[in-house]
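The structure appears right after this line, and notes come after that.
Chain naming here is simple, since letters A, B, ... match the order of the sequence lines and numbering starts at 1 in each.
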There are 2 protein chains.
Amino acid sequence: MPQPASETIPKKPSRIQLRNRRIILDAALDVFSQHGFRGATLDQIAEASGLSKPNILYYFDGKEAIHVELLNALMAEWLAPLTDLDPDGDPLEELLGYIRRKMEMSQAYPRESRLFAGEIIQGAPRMGPHLSAGLKPLFDEKCALIQGWMDAGRLAPMDPGHLIFSIWAMTQHYADFDAQVCVLMPDEARARDGATRHVEQMFRKVLTP
Amino acid sequence: MPQPASETIPKKPSRIQLRNRRIILDAALDVFSQHGFRGATLDQIAEASGLSKPNILYYFDGKEAIHVELLNALMAEWLAPLTDLDPDGDPLEELLGYIRRKMEMSQAYPRESRLFAGEIIQGAPRMGPHLSAGLKPLFDEKCALIQGWMDAGRLAPMDPGHLIFSIWAMTQHYADFDAQVCVLMPDEARARDGATRHVEQMFRKVLTP
DNA sequence: TCGTGCCTTGACCAAATGGTAAAAAACAAG
DNA sequence: CTTGTTTTTTACCATTTGGTCAAGGCACGA
């Protein structure tokens, strides 16, 4: 058997393929994050990417395939900061560092944040497995870690799960509700830098034993 | 002139009209909150309401009109708790009461919360005026009130605007990201009751001077 | 009971949408 | 240049979608 039977041969992608797939994904991120899955159209993605609609379908198996690919890429990058929580570090500094990274990410990648938020709000129809299989174990692991820190008296006691939810809620809020923030707090510097400082200061107070 | 010229005569709505408009709005809230504006279809609303599509268009001028009506109703109810912040009350108890009411609302009306969230995430295309004209003045007024409390040393000092954002972020999170919460925290009682207690305890600590 | 005006519906429409087929164009290897 | 492959486009299709229209049904006051 020279070539393995009934297996898809990967065939490494050409430079053009790599480039165009990236262009398409970037355009799709714009469109999906702004209109949600059902609200986004292939024509919009085509126009945003500068490619023709059939050409997009040459690179991806369909609208849903693009969306799924975006969510996959998202999860990997999104989970990293939580993964990096170090059991051997100083609890307070570890968590504050996590919060800081999360704030930076939601400011640097608001589109990703909104894409994720939109998907969850709609009941995570295309992400259920990802949540259960990818996020859940990590969440449980870090909950246990934080609980350990609290039991040791190195953090103020509280429910670790709700603590993590609090952090997510606050860090995502500034990305997801940007339109609201911009209307209510027109001073951009106060909104951006103030947010980071406020959130950090707030959690420092909450977490200090 | 028996009847005033060039003015729309209100013509009080019949019982049937009142009932069907309510039914339609309720069904539309289901559909819009789950799929967003562009993702929702009149057929879905028709099926959810048990009325035919043309019949729905008999009661409303179109898809957008239904959506706008929902957002209007939403804003009124949504703003009430903030309006009720009493300058003469005890600062800490006033804010904790506000937080409690907000948590109750996001648990009692998750659809409204998601509808609002979806609209804001998409850049508030149908709510810009509402935000500037309705929410902004109230927001500024209450920011000033809280700032006064802080200046008087009755609350820990912080940016009042960001404080309000924090409250909104936390209270909305449990409604908007319910799908995520349910996966990560399957114990329903811990999720629901724990959330309220956690948020209240957290802000009590943050706000205490 | 009868009509008048409110309510409901089936049939239909134009535009938009996700997707396809095949030919043309661009490109790479010899 | 020639040939085989990859990329792009043109033309097209079936379905869905928001919305219309005219005709039928129904309630309710006289």
- Query: Between atom CG in A:L51 and atom C1' in D:dT9, what is the gap in whole Å?
  - Reply: 12 Å
- Task: Assign B:F60 to base, sugar-phosphate, or nothing according to its heavy-atom contacts below 4.0 angstrom with the strands shown.
- Result: nothing
- Note on the structure: Across all chains, not counting sequence neighbours, the salt bridge (charged side-chain N to carboxylate O under 4.0 Å, His left out) partners of A:R111 are A:D26, A:D30
- Pairs involving residues 43-72 of chain A, ordered by first then second residue, that meet ring-ring contact (aromatic ring centres under 6.0 Å, His included) (sequence neighbours left out): A:F32-A:H67, A:F37-A:H67
- Task: With sequence neighbours left out, write down each residue that passes salt bridge (charged side-chain N to carboxylate O under 4.0 Å, His left out) with A:R204, or none if nothing qualifies.
- Result: A:E93, A:E200
- Answer yes or no: does a side-chain N or O of A:S52 lie under 4.0 Å from OP1 or OP2 of D:dT8? no
- Task: With sequence neighbours excluded, tell me which residues meet ring-ring contact (aromatic ring centres under 6.0 Å, His included) with A:H198.
- Result: B:H162
- Message: I want to verify a distance call: between D:dT7, D:dT9, C:dG18, whose nearest atom is closest to the A:T41 side chain?
- Response: C:dG18
- Query: Considering only D:dG18, C:dT17, D:dT9, which nucleotide approaches the side chain of B:R38 most closely?
  - Reply: C:dT17
- Check whether any side-chain N or O of B:Y58 sits under 4.0 Å from OP1 or OP2 of C:dC7, and answer yes or no. yes
- Query: If you look at every strand shown and take non-hydrogen atoms under 4.0 Å, does A:A40 touch a base, only sugar-phosphate, or nothing?
  - Reply: sugar-phosphate
- Query: Once you round it to whole Å, what is the distance between C1' of D:dG18 and CD1 of B:I56?
  - Reply: 12 Å
For nucleotides 26-29 of chain D, give me every protein contact, N/O to N/O, under 3.5 Å, one pair per line with atom names.
none

- Item | Residues B:R197 and A:D159 bridged, charged N to O under 4.0 Å | no
- Item | Pairing residues for A:S33 by the side-chain hydrogen bond (donor to acceptor under 3.5 Å, both in side chains) criterion, not counting sequence neighbours | none
- Query: Residues from residues 23-37 of chain B sitting under 4.0 Å of DNA chain C, heavy atoms only?
  - Reply: none
- Query: Please give, in whole Å, the distance from C:dA16 P to A:E47 CD?
  - Reply: 13 Å
- May I ask you to verify if any side-chain N or O of B:Q17 is less than 4.0 angstrom from the OP1 or OP2 atom of C:dC7? yes
Under 3.5 Å, which N/O atoms of the protein pair with N/O atoms of nucleotides 19-22 of chain C?
| unit_1 | atom_1 | unit_2 | atom_2 | d |
| --- | --- | --- | --- | --- |
| C:dG19 | OP2 | A:K63 | N | 2.9 |

- Task: Please identify each residue that fulfils side-chain hydrogen bond (donor to acceptor under 3.5 Å, both in side chains) with B:Q122, with sequence neighbours left out.
- Result: none
- Task: Grab the CZ-P distance between A:R19 and D:dT7 for me, whole Å please.
- Result: 10 Å
- Message: Please find the pair of heavy atoms, one from B:A191 and one from B:V181, that lie closest to each other, and give the distance.
- Response: CB-CG1, 4.1 Å
- Does A:K136 have any salt bridge (charged side-chain N to carboxylate O under 4.0 Å, His left out) partners at least two apart in sequence or in another chain, and if so, which? A:D140
- Could you tell me which residues satisfy salt bridge (charged side-chain N to carboxylate O under 4.0 Å, His left out) with B:R192, sequence neighbours excluded, listed by chain and number? B:E188
- Message: Suppose we screen for ring-ring contact (aromatic ring centres under 6.0 Å, His included). Which residues come up paired with B:F139, at least two apart in sequence or across chains?
- Response: B:F165
- Note on the structure: The nucleotide from C:dT8, D:dT7, C:dT17 with an atom nearest the side chain of B:N20 is C:dT8
- Is the shortest heavy-atom distance from the side chain of A:I146 to the side chain of A:I164 under 4.5 Å? yes
- Task: Quick one: label B:A65 by what it contacts on the DNA or RNA (base, sugar-phosphate, nothing), any heavy atom closer than 4.0 Å.
- Result: nothing
- Message: Please report the distance, rounded to the nearest Å, between OH in B:Y59 and C1' in D:dG19.
- Response: 18 Å
- Does a nitrogen or oxygen in the side chain of A:N55 sit under 4.0 Å from OP1 or OP2 of D:dT7? no
